[in-house]
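Reviewing the structure listed below.
All residue numbers in this chain count up from 1 along the given sequence.
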Amino acid sequence: MKKARLLVEHTYDFELLGLVSTVKDYKMAWLINRHLQLDLRKVADLELEFVTSPNLKISQYFLSLPYGFVQLLKNRALNSINQVSYLVPELKSMDYFLLVRDETFQISIDIFAEELAKNHLIQNVMKLDVEKLKSKENLLTY
């Protein structure tokens, strides 16, 4: 019997900022809302199920736009067996990820990075290349 194989190619049509900060997730969302004039809202935690490792619950804040979204994801969380796990394990130094997808090109990720870098509670802001990440599939949450 002939077997058919389904190959799925994901598109990573969003831009990504990595944030380093010791503040709690709700305060980070508040800071982003205040500095970028956004309205990120807490939504249900993102639950990731892995084949070889325990499940992971990630805190997330979301803003839906007419042609895109802005999403704040916490990188570090406790997994189902109460051990620390990371959404993107190769970037353990990052505390949060800000995903921006805007098909109208009215939002500039560079301006977001500049504005957030001005805040003294955020130690570092980095624009990241999604294509170079090994665990980029973990960022596909929509």
Side-chain angles (χ1 to χ4, degrees), residues 3-142:
K3 292 183 182 182
R5 187 173 243 171
L6 176 64
L7 297 175
V8 178
E9 250 185 73
H10 298 289
T11 57
Y12 302 95
D13 55 350
F14 56 86
E15 294 181 282
L16 184 65
L17 285 180
L19 307 171
V20 177
S21 179
T22 58
V23 300
K24 300 278 186 188
D25 56 347
Y26 57 86
K27 187 156 187 176
M28 179 57 71
W30 178 79
L31 288 170
I32 290 170
N33 285 341
R34 194 169 124 224
H35 285 279
L36 303 178
Q37 287 78 43
L38 296 177
D39 190 24
L40 290 171
R41 303 270 174 134
K42 175 78 171 152
V43 293
D45 287 347
L46 175 66
E47 294 188 38
L48 298 174
E49 296 179 12
F50 297 104
V51 176
T52 59
S53 59
N55 296 346
L56 187 60
K57 273 189 166 181
I58 299 293
S59 177
Q60 68 172 335
Y61 293 78
F62 197 83
L63 170 64
S64 182
L65 301 171
Y67 296 99
F69 65 87
V70 178
Q71 183 180 27
L72 176 67
L73 295 169
K74 190 170 183 178
N75 189 28
R76 185 176 172 176
L78 292 178
N79 60 24
S80 58
I81 57 172
N82 289 329
Q83 293 177 329
V84 175
S85 291
Y86 295 90
L87 178 65
V88 182
E90 61 269 23
L91 291 175
K92 291 180 181 179
S93 62
M94 295 293 154
D95 295 310
Y96 298 96
F97 295 109
L98 188 67
L99 286 77
V100 178
R101 178 179 179 197
D102 180 32
E103 295 175 9
T104 63
F105 302 105
Q106 293 179 355
I107 295 177
S108 169
I109 196 85
D110 296 320
I111 292 173
F112 276 15
E114 287 174 23
E115 289 300 315
L116 292 173
K118 293 177 186 176
N119 190 302
H120 70 281
L121 294 174
I122 301 174
Q123 285 80 32
N124 195 7
V125 179
M126 291 181 60
K127 186 174 178 183
L128 302 170
D129 185 2
V130 179
E131 295 297 329
K132 293 182 180 178
L133 298 175
K134 283 194 311 186
S135 306
K136 60 188 169 197
E137 293 86 16
N138 295 353
L139 296 170
L140 294 174
T141 60
Y142 51 91

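- Exactly one of Asp95, Val20, Val88 qualifies for a side chain to side chain contact (heavy atoms under 4.5 Å, CB included) with Asn75. That residue is Val88.
- Here the side chains of Leu98 and Leu16 are not in contact, with every heavy-atom distance at 4.5 Å or above.
- At a cut-off of 3.5 Å, with distance as the only test, a side-chain donor of Lys42 or Ser59 sits close to an acceptor on the other residue.
- The side-chain heavy atoms of Leu72 and Gln60, taken from C-beta on, include no pair separated by under 4.5 Å.
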Discussion item. Test side-chain contact (heavy atoms from CB on, under 4.5 Å) on Tyr67 and Leu65; report intermediate values, then the result.
Written reply: CA-CA 5 Å; Tyr67 296 99; Leu65 301 171; over 6 Å; no
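- Ring pair Phe14/Phe69 is tilted by interplanar angle, where 30° to 60° counts as tilted.
- Residues Met94 and Leu19 fail the side-chain proximity criterion, which asks for heavy atoms closer than 4.5 Å.
- The pair Asp110-Lys127 meets the salt-bridge criterion, with a side-chain N (NZ, NE, NH1 or NH2) lying under 4.0 Å from an Asp/Glu carboxylate O.
- Two residues are said to be in side-chain contact when any heavy atoms from C-beta on lie closer than 4.5 Å; Leu40 and Trp30 fail this criterion.
- Contact annotation: the side chain of Asp39 never approaches that of Tyr61 to less than 4.5 Å [non-hydrogen atoms, C-beta and beyond].
- Using a cutoff of 4.0 Å between basic side-chain nitrogens and carboxylate oxygens, Asp25 and Lys27 are not scored as salt-bridged.
- Asp102 places a side-chain N or O within donor-acceptor distance of the main-chain N or O of Ile107, the cut-off being under 3.5 Å.
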